[in-house]
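What you see is a predicted model; the values in this text were computed from it and never measured.
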Amino acid sequence: MTSSFKQLHESQQGFLFEMVTTKLQSLEYHMIEKDLQLEDKIIALTSAIENLSKSVEKMTWVVQQNGDTTNYLAFNGKFIAQNLTALQRDVREVLAGQQMLVTRQQFGHFMLLRGVNASLSSVARASKYTSCAMLPFRASGVYSIQPETPFKEPMTVLCDQEYDSGGWVVIQHRFDGSTNFYRNWKEYKTGFGQLEGEFWLGLDRIHQLTTAKPHELVMLLEDFDGNSTYARYDLFEIGGESQMYELTKIAGYAGTAGDSLSDLKGMKFSSFDADNDVWEKNCAVEYTGAWWYNNCHKSNLNGQYLKGETTEFAKGMVWQTFRGYHYALKSAKMMIRSNVKYISKNIDG
């Protein structure tokens, strides 16, 4: 009796999943059809605007050649104004229609995150993704992932699906100085800022991700002169809070920015209220940041947002091998991704 009930339950779950998939496929077809209709309308409107523009040019030439065409111009000018108003209204409607469109993947992700109803909760649970690399969605954005055991709780992260084939979890992002990064230990532990803007993901989450499986790290950096560069490491891992989030593994540098991080291997994380560096003073206080300081640093990506050349020594958002200690960068984006070539190996970086 119990076995029959279990089979019936599994059959119902399979039917529900197939039903959702069928509805998503139907929705995708409908969206594509609507999108094509909108594209046809935009083409037609563009052609009509071009024809009106040619008419205006022609009438302007006529006016220049013959001053007696004023009445003709006034009449046609009124006609053109009316048609332009109508075209502008149609264009607004088309753009509004485009903004209402969603892809099948986006709609499917919404359904899986929120749940259509209680009956579909099992489908949502069965669709947990362990990393950004496992997501079927190719658009960068905020998603919920669930790292490998023993970390059982899901987390919300910003996934970059564009850089180098995607699959990256963004752990730090700075680009305009709108978020204060001179924060205490607790805030660096739990994270701060907004995933859609400037933020720090949180040391606990970074620890969970990098210890669940081997991860690589990339820093995408840009200065105020339009120069972009990067530093990439094959292996990156940090310890937990009991280890003061020590930089336990950092290896395999490649890039154009120069290596300003490998020398910090084995260093603990420090903030202005938690001095864990090896200097007699507190590096985080002296250089207004929070980082894996040694004695003290060649990189300080959580330092002050000082906007380029500065007289302040090493206090800005610094990557020493890129622009030196007297230059604060415009943007920094730190991202991690599981590194498949290390998954089956036991390597101490």
Next on the checklist: As an exercise, state the distance from CG of Leu201 to CD1 of Ile336, rounded to the nearest 0.5 Å.
Outcome noted: 7.5 Å
Item to check | Sub-4.5 Å side-chain heavy-atom contact between Asp277 and Asn294 | outcome: no
Would the distance check show the side chain of [X] and the main-chain N or O of [Y] forming a donor-acceptor pair, the cut-off being under 3.5 Å?
{"X": "Ser331", "Y": "Phe175", "result": "no"}
{"X": "Trp168", "Y": "Ala133", "result": "no"}
{"X": "Asp273", "Y": "Trp185", "result": "yes"}
{"X": "Arg205", "Y": "Thr190", "result": "yes"}

Which atom names give the shortest non-hydrogen contact between [X] and [Y], and what distance separates them?
{"X": "Arg323", "Y": "Asn227", "value": "NH1-ND2, 4.4 Å"}
{"X": "His297", "Y": "Ala314", "value": "NE2-O, 3.0 Å"}
{"X": "His207", "Y": "Ile238", "value": "ND1-O, 3.0 Å"}
{"X": "Tyr188", "Y": "Trp200", "value": "O-NE1, 3.0 Å"}

Checklist entry - Would you call the rings of Phe313 and Tyr325 parallel, tilted or perpendicular, where under 30° means parallel and over 60° means perpendicular? => result tilted
Item to check | Member of Arg337, Arg138, Lys333 meeting the salt bridge (Lys or Arg N to Asp or Glu O under 4.0 Å) criterion with Asp160 | outcome: Lys333
Checklist entry - Can you find a side-chain donor-acceptor pair between Thr321 and Ser260 that sits under 3.5 Å? => result yes
Item to check | Cationic tip of Arg174 above Tyr305 ring, under 6.0 Å, 45° of axis | outcome: no
Checklist entry - In this structure, which one of Tyr293, Tyr287, Trp291 forms a side chain to side chain donor-acceptor pair (under 3.5 Å) with Asn300? => result Tyr293
Item to check | Verdict with reasoning, Asp223 to Lys330, per salt bridge (Lys or Arg N to Asp or Glu O under 4.0 Å) | outcome: CA-CA 5 Å; Asp223 63 19; Lys330 178 182 180 180; over 6 Å; no
Item to check | Aromatic contact, Tyr143 with Phe137 (centres under 6.0 Å) | outcome: yes
